[in-house]
Amino acid sequence: MDTASVTLGEALAGLDRGDWSSEELVSDLLARIEAGNGALNAYLDVDADDALSQARAADRQRARGERAPLLGAPLAVKDNINVAGQSCACASRILEGYKAPCDATAIARLRREGAVFLGRTNMDEFAMGSSTEYSARGPARNPRNPDCVPGGSSGGSAAAVAAGMALAALGSDTGGSIRQPAAFCGCVGFKPSYGRVSRYGLTAFASSLDQIGSLTRGVDDATRLFFSMAGPDARDATTVTLPLPAPEACRREDLKGVVIGVPKEYFPSALAPDVRAAVLAAAETCRALGAETRDISLPHTEYAMAVYYIVAPAEASANLARFDGVRYGRRAAGATSPMDLYCRTRSEGFGREVKRRILLGAYVLSSGYYDAYYLSAQKARTLIRDDFTAAFRDCDAILAPVTPSAAFRMGEKTEDPVQMYLTDVFTATANLAGLCALSLPCAMNADGLPLAAQLIGPAFREDAVLGAAAALERAWGGPTGWMGRRA
Amino acid sequence: MEQEKRANGGNEGMDVRHVALLARLALTDEDAELFRGQMADIVGFVRKIGELNIEGIEPTTHAHRVENVFREDEPAPGLDRATALANAPEQAQGLFLTPRIVE
């Protein structure tokens with residue numbers, strides 16, 4: 001066994017065969033974290049004793065003949081998803097020392113299926129950012145090249161998986177926060193449709209956009225974790241009761257009869273040539289697998305960033321109002337009135353990017369500006385949604401880039417918020433329209449950085465995305481095949 | 001009418017200090033200065049939606065049109081008091097402590 005490259009599925013098969021125990025898997029990962037985390041800062045907190053005791057408990061269950069789909073499988077968890085008793089600080093000073101009072105629903109379901117929770121991964125504070133440089137605990141780095149960002153906001157999860165410090169990790173995706181770091185680090189990033197996975201216990205950023213998903217080494221692991229987490233939850237009224245797709249439809253070997261749309265607006269002249277080449281090569285593989293590719297148009301794409309950076313900050317400014325120094329987290333010392341307490345606590349506790357988003361959100365919701373910005377953005381969101389509804393009349397899934405370029409350098413965009421925001425240009429649309437989408441590594445570029453393609457599917461048709469991704473991955477020689485491809 | 005309002009809304013800059021107060025943020029002079037420029041850039045960037053003709057378009061408040069989701073009103077245990085208070089920065093007698101509100 002090599003924990004640096006084994007997939008979650010392979011690790012579980014090894015556990016079933018008795019080739020290794022969960023304790024051995026976890027010990028091995030802990031050793032790799034000990035050796036590698038100093039340089040990458042992918043994990044914020046790891047409680048080795050707790051992880052080992054969860055692993056031993058899983059091993060005892062297995063020895064008693066008990067079985068569960070994820071029994072003994074170690075997972076890393078983004079620092080904004082609550083795991084009872086563990087820290088859940090959203091990489092923010094304002095939640096320093098916060099201990100989760102209960103499991104998020106997604107965590108409770110994975111726990112019931114036997115998963116072991118290894119540790120907390122680094123992120124942009126409150127998931128606001130695209131590089132994991134806006135973490136109060138210091139930036140994470142890209143394991144493929146430590147001078148580059150791992151992407152964000154789930155950058156710690158992506159870095160941990162790519163660096164061999166986790167077999168799989170959970171992330172959250174509000175505008176691309178799973179898919180973009182997966183693309184930059186070279187792992188599979190999957191965001192299910194809005195409403196599939198309960199948001200209960202995910203610290204809210206933008207409630208109409210947030211969704212929990214996975215970062216894994218292979219497509220089948222994404223499918224596995226999706227089926228373990230998905231389904232309606234009485235604690236999140238936005239979860240849907242629609243049936244889940246058929247698992248076999250998520251494990252396709254060819255794409256006969258499938259129509260893949262290629263939207264022209266996602267291939268602007270500013271797109272990096274290596275990203276363009278990698279995505280067009282993926283389209284070629286789709287055709288070789290029997291799919292038809294078709295040129296399509298999503299005409300309102302150019303407005304998506306403006307819509308996203310109104311809607312998401314507006315919701316964030318409301319959601320983050322709860323951090324006031326009263327019920328949990330940090331409290332400023334010496335406050336003389338409640339107003340003084342709120343202002344000082346929030347000013348000490350939040351970092352600059354979070355403050356910018358709160359300011360923007362408060363502004364677009366404020367009297368006199370609500371119609372001009374927030375209501376207009378909600379109407380424009382309808383146009384973006386309608387673009388996809390129309391496109392999916394002509395195709396089963398959409399193939400597009402994930403990011404305008406491969407991973408950028410540390411510090412390159414931190415001084416210019418708008419440039420940082422523009423890295424979400426191809427991903428935020430799926431959140432605005434509530435669609436499922438996946439980032440699939442395709443090739444290495446000339447600098448040894450991963451290149452990825454995005455598959456976007458209709459809402460609640462995760463099989464369209466997972467099935468196509470599974471067939472592509474298989475055509476390229478399995479989960480590590482992309483590493484040998486050049487673009 | 002709508003077009004007019006949007007154009008007006010778009011012509012005024014952000015009063016960073018005023019908005020910070022609305023958001024319960026006390027900004028340092030350095031941050032206020034930094035944000036003044038950055039927020040102007042960001043607002044300029046999102047103002048692009050003003051180019052769209054959105055008259056008569058229904059707003060999307062949620063990704064999917066789900067309305068009036070009900071569940072059975074069945075009693076179930078919630079967080080107990082000790083757990084709910086465990087993360088409180090200051091507490092006494094089973095309550096959250098705040099600075100004095102009423103003089």
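To find a chain, count down the sequence lines: A is the first, B the second, and so on, and within it residues start at 1. Values below: every heavy atom of this structure, side chains too, minus hydrogens, waters and symmetry copies.
Using a 4.5 Å cut-off between heavy atoms, A/L422 contacts chain B through its side chain alone, with no backbone atom that close. Within the 4.5 angstrom heavy-atom criterion, only backbone atoms of A/A433 (N, CA, C, O) approach chain B. Both the backbone and the side chain of B/I42 come within contact range of chain A, each with at least one heavy atom under 4.5 Å from a heavy atom of that chain. Contact annotation for B/R100: only backbone heavy atoms (N, CA, C, O) come within less than 4.5 Å of a heavy atom of chain A. Of the atoms belonging to A/P338, heavy atoms from both backbone and side chain fall under 4.5 Å from chain B. Heavy atoms of B/L79 lying under 4.5 Å from chain A belong exclusively to its side chain. Looking at B/L85, there are no atoms closer than 4.5 Å to chain A (heavy atoms on both sides), in backbone or side chain. Proximity to chain B is limited to the side chain of A/R385, based on heavy atoms less than 4.5 angstrom apart. When heavy atoms are compared at a cutoff of 4.5 Å, A/M339 approaches chain B solely by way of its side chain, counted from C-beta outward. Looking at A/L341, only its side chain comes within 4.5 Å of chain B, counting heavy atoms on both sides. A/F388 does not touch chain B: none of its heavy atoms, backbone or side chain, sits under 4.5 Å away. Heavy atoms of A/E348 lying under 4.5 Å from chain B are absent altogether. Of the atoms belonging to A/S337, it is backbone heavy atoms, and not side-chain ones, that fall under 4.5 Å from chain B. Contact of B/A20 with chain A is made through backbone and side chain together, with heavy-atom distances under 4.5 Å.
Residue pairs meeting the ring pair (Phe, Tyr, Trp, His ring centres under 6.0 Å) criterion with at least one member in residues 18-63 of chain B, sequence neighbours excluded, are A/Y194-B/H62.
Using a cutoff of 4.0 Å between basic side-chain nitrogens and carboxylate oxygens, A/D210 and A/K191 are not scored as salt-bridged. Classification of A/E96 and A/R93 as a salt-bridged pair fails, no side-chain N sitting under 4.0 Å from a carboxylate O. A salt bridge links B/E30 and A/R352; the closest N-O separation between the charged side-chain nitrogens and carboxylate oxygens is under 4.0 Å.
In summary, the side chains of A/S193 and A/E462 do present a donor paired with an acceptor at a separation below 3.5 Å, with no hydrogens or angles considered.
When the shell of 6.0 Å around CZ of A/R235 is examined, it contains 12 or fewer heavy atoms from other residues, nucleotides or ligands. Around CZ of B/R36, the count of heavy atoms belonging to other residues, nucleotides or ligands within 6.0 Å exceeds 12. Environment of CZ in B/R81: sparse, with no more than 12 heavy atoms of neighbouring residues, nucleotides or ligands closer than 6.0 Å.
Considering only heavy-atom pairs separated by less than 4.5 Å from chain B, the leading option among A/R381, A/R327, A/M305, A/R346 is A/R327. Each of A/K355, A/E415, A/R344 has some count of heavy-atom pairs under 4.5 Å with chain B, and the biggest count is that of A/K355. Contact count versus chain B (heavy atoms, under 4.5 Å) is highest, among A/Y421, A/Y342, A/Y98, for A/Y98. The residue among A/V240, A/V311, A/L360, A/L432 with the most heavy atom pairs within less than 4.5 Å of chain B is A/L360. Of the listed residues (A/S207, A/A237, A/G195, A/G97), the one with the most heavy-atom contacts under 4.5 Å to chain B is A/A237. Taking chain B as the reference chain and counting heavy-atom pairs below 4.5 Å, the highest number among A/G325, A/S317, A/G434, A/S347 is found for A/S347.
The backbone N or O of A/T336 lies less than 3.5 Å from a partner atom in the side chain of A/D340, making a donor-acceptor pair.
Contact annotation: the side chain of A/T427 never approaches that of A/Y308 to less than 4.5 Å [non-hydrogen atoms, C-beta and beyond]. Taking the side chain as every heavy atom from C-beta outward, B/P59 and B/I54 never approach each other to under 4.5 Å.
Centroid-to-centroid, the aromatic rings of A/F323 and A/F126 come within less than 6.0 Å.
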